[in-house]
Structures are given as C-alpha cells and as structure tokens.
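All values derive from a computational prediction rather than experimental measurement. Order of the sequence lines sets the chain letters (A, B, ...), proteins ahead of strands, with each chain counted from 1.
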2 protein chains.
Amino acid sequence: MSVVLRPSEALNLWHDVTLGLVRDGGHDFSARQITILLTVYLETPPHTVRGLAAKLGVTKPVITRALDTMGALELVSRRRDEADRRNVIIQRTVKGALFVEKIGDLIVARAKDLPR
Amino acid sequence: MSVVLRPSEALNLWHDVTLGLVRDGGHDFSARQITILLTVYLETPPHTVRGLAAKLGVTKPVITRALDTMGALELVSRRRDEADRRNVIIQRTVKGALFVEKIGDLIVARAKDLPR
DNA sequence: TCCGATTGTTACGGAGGCGTTATAGTCTGA
DNA sequence: TCAGACTATAACGCCTCCGTAACAATCGGA
C-alpha cells in the first residue's frame, strides 16, 4: 500500500507544514537537524554519532554540533555506551517526544485541510 | 476532500523526504528558507518583502537575507516594482522552478513507498 | 602488552544568520 | 510642496554553523 499524492498536493502540504513550523515552532531548524531528530525518534535504537553521520551523508562533527544544539534544548540526550566506551548513544527525551508528536499532528492536520 | 494520513505515516514521510533533501539536495536549508521558496512558487504573485515577512511572522531583514542567499543560488530573483518603486517584487526563476519541482517529485515518491 | 584502528570531540579560521537600529529612496495627502 | 509614512536594505555586534585537521579515549588483535 501507499499514500497517493499529486505533486501539487505534495508541495502545498510541505508549504503549509513548514509555514506552521516557522510561525508557531519558535525554532528555525535546518533540514539536517530535523532529519537527525526524526531518525532518533522513528528508527530503532541504538543511534550513534557515526551511524547518523553515515545515514545522512555528512561528517561526524556535523552530528556532534547538531546534538549539542538539540541537547541544549533537551530534545535529545547523550550517554556513553558501557559495552564499548568509544561509542555515544543518542537517547530520546520526554521533551523531544512531545515535540515530534506535535510535528506529526501538524502534518496530519494540514493534510486534512488540503484542497484536492 | 482531504489527504488521509496517520501520525506515524506523516512522521515517516517527513523523515524520508528531509533525509532525501539532506543526502541529495546539496544545500541545508532552514524551515524559513523553504517556506519562502515554496510561498513564492505556490502562491499567486506579486510577492514583496513586507508581504513575506508578515506571512511568516518574522522581521523584514530576515526576508532580505534569505533572498540574498537564495538569489545567489539563482532560486529566486528581485525586481523593483515600477508602479511603486518602494516595493521589491520577488520573481521565480527557471532554476528555482526546477528545484521546487524536484522537491514535489521527492515527496510523491516517498509517499508512494510509505508502508501502511 | 602494545600498536594500529576506531570513536567522538575540540580547535581553527571563515562564512552566514540573528535582532536591533539606522538609513536611503519613494510615496501621499494636507 | 513638503512633512510624515512606508519600503527595503545596510550596519552593528553577537552567535552558530561550516569543513578540515588534530586530538584523547578506547578497543582489539598480533
């Protein structure tokens, strides 16, 4: 199965949702930051800096800096992997889960209001 | 009518598309930049700095700077409004139209591949 | 036990965005 | 006509991010 969407509907949906994020979100996240956040909250753990860097096709410092930013906002947290102390495990937070949930609700609402 | 989407589907779609933009897009645009770009290409002209600032709920210099950046990439262009020379009209470009079209195709493709 | 490989972070100079404020150009109506 | 309103942009100091390179900590096999 799949979600059927025309290009014009797709673009209108994207526009409406990003506008919602800009107007009400408070933060102005980049595509990289959003991708990291959603990856951590949607894909099965564990998540490491190296794994995220490979998945996004960026360097490790990019991930470290994004985690610094989103960690300061308490949207994610970090923990040493005790099994292999070179690794850092990126963990979810209550605040981050609520934020992601809000984004999901926003997309669903804008999709529902989409004229077709 | 409307597009029916569950929260988990919505988030997975958002994740897949932003990941595609990060991996293949080359640029790392912010939500503000994407919103400006899509507004210019989806809503009926004319578009002015003041109008975009009001719509996004940000100050005018934010719009000016975003237009500087996207103008350098030739995704939009600017022209003085001859009827009222205080205004600047933001115009579409061939390069920008192709870019927006690519985003639309990406969303449609990821929606089609979405498991449900 | 080391020595190479691996992981994440920090340091660095540069680039660009931020909000606020100031400014140049343009319009409009008293 | 001209003073005030309005438009977009420039200037300012601050902050964050960039890519590259160096780094400390840790692991694992010879």
Side-chain angles (χ1 to χ4, degrees), chain A residues 18-19 21-37 39-40 43 45-92, chain B residues 18-19 21-40 45-92:
Chain A
T18 51
L19 177 57
L21 289 176
V22 168
R23 291 196 62 95
D24 310 321
H27 309 294
D28 184 35
F29 292 122
S30 70
R32 287 179 178 181
Q33 291 171 316
I34 290 286
T35 305
I36 292 171
L37 189 69
T39 299
V40 169
E43 306 206 340
H47 300 285
T48 64
V49 173
R50 164 160 180 74
L52 289 172
K55 171 174 266 292
L56 271 69
V58 299
T59 59
K60 289 190 292 180
V62 166
I63 304 295
T64 295
R65 284 188 290 255
L67 293 179
D68 288 344
T69 304
M70 319 202 83
L73 298 171
E74 297 179 61
L75 297 178
V76 297
S77 70
R78 278 185 277 201
R79 172 175 65 77
R80 275 284 160 195
D81 179 2
E82 291 304 327
D84 182 345
R85 293 187 50 78
R86 288 174 302 181
N87 291 332
V88 161
I89 306 293
I90 294 98
Q91 295 183 294
R92 303 168 186 171
Chain B
T18 52
L19 177 58
L21 289 176
V22 169
R23 290 196 63 94
D24 310 322
H27 310 293
D28 184 35
F29 292 123
S30 69
R32 286 180 178 181
Q33 291 171 318
I34 290 285
T35 305
I36 291 171
L37 190 68
L38 291 181
T39 299
V40 168
H47 299 286
T48 64
V49 172
R50 164 159 180 75
L52 289 172
K55 172 174 265 290
L56 272 69
V58 299
T59 59
K60 289 190 291 180
V62 166
I63 304 295
T64 295
R65 283 187 291 256
L67 293 179
D68 288 344
T69 303
M70 319 204 81
L73 297 172
E74 296 179 60
L75 297 178
V76 297
S77 70
R78 278 185 276 200
R79 171 176 66 76
R80 274 285 159 195
D81 179 1
E82 292 303 327
D84 184 343
R85 292 187 51 77
R86 288 173 302 181
N87 290 333
V88 161
I89 306 293
I90 293 99
Q91 295 183 293
R92 303 169 185 171

Participant: Mapping B:V49 and A:S30 to their closest nucleotides on DNA chain D, which lands nearer the 5' end?
Facilitator: B:V49
Participant: So, for B:A31 and A:T18, which heavy atoms are closest and what is the spacing to 0.1 Å?
Facilitator: O-CB, 4.3 Å
Participant: Quick one: on DNA chain D, does B:N87 or A:R32 contact a more 5' nucleotide (nearest heavy atom)?
Facilitator: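 Its nearest nucleotide lies further toward 5', so the answer is B:N87.
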Participant: Could you pull out all residues at least two apart from A:P46 that satisfy side-chain contact (heavy atoms from CB on, under 4.5 Å)?
Facilitator: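 Residues passing side-chain contact (heavy atoms from CB on, under 4.5 Å) with A:P46: A:I89.
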Participant: Using atom types as modelled, flag every donor-acceptor pair under 3.5 Å from a side chain in residues 49-60 of chain B to any protein atom, sequence neighbours excluded.
Facilitator:
unit_1	atom_1	unit_2	atom_2	d
B:K55	NZ	B:E43	OE1	3.3
B:K55	NZ	B:E43	OE2	3.2

Participant: Got a sec, which residues hit side-chain contact (heavy atoms from CB on, under 4.5 Å) with A:R65, two or more places apart in sequence or on another chain?
Facilitator: A:P61, A:V62
Participant: What string of B, S and - do you get for nucleotides 22-30 of chain D, 5' to 3', when a contact is any protein heavy atom under 4.0 Å?
Facilitator: ----BS---
Participant: Tell me, please, which residues at least two apart from B:R85 pass side-chain contact (heavy atoms from CB on, under 4.5 Å).
Facilitator: B:R80, B:E82
Participant: What residues, two or more places apart in sequence or in another chain, satisfy side-chain hydrogen bond (donor to acceptor under 3.5 Å, both in side chains) together with B:N87?
Facilitator: none
Participant: Could you state the CG-P distance from A:D28 to D:dC17, rounded to the nearest angstrom?
Facilitator: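 Result: 11 Å.
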Participant: Quick one: list whatever passes side-chain hydrogen bond (donor to acceptor under 3.5 Å, both in side chains) with A:T39, sequence neighbours left out.
Facilitator: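 Residues passing side-chain hydrogen bond (donor to acceptor under 3.5 Å, both in side chains) with A:T39: B:H15.
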Participant: Specify the separation, in whole Å, of atom NE2 of B:H27 and atom P of D:dC18.
Facilitator: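 After rounding, the reported distance stands at 15 Å.
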Participant: According to salt bridge (Lys or Arg N to Asp or Glu O under 4.0 Å), does anything in residues 67-76 of chain A pair up with another residue at least two apart or in another chain? List the pairs.
Facilitator: A:D68-A:R78, A:E74-A:K95
Participant: Can you tell me how far apart CD1 (A:I36) and CD1 (A:I90) are? Round to the nearest 0.5 Å.
Facilitator: 8.5 Å
Participant: Can you give the first and last nucleotides of DNA chain C, 5' to 3', that have an atom under 4.0 Å from a heavy atom of chain B?
Facilitator: C:dG17 to C:dC27
Participant: In residues 50-66 of chain A, which residues come under 4.0 Å of DNA chain D by heavy atom?
Facilitator: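 A:P61, A:V62, A:R65, in order of number.
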Participant: Once salt bridge (charged side-chain N to carboxylate O under 4.0 Å, His left out) is applied, do any residues pair with B:D84, and if so which ones, sequence neighbours excluded?
Facilitator: B:R86
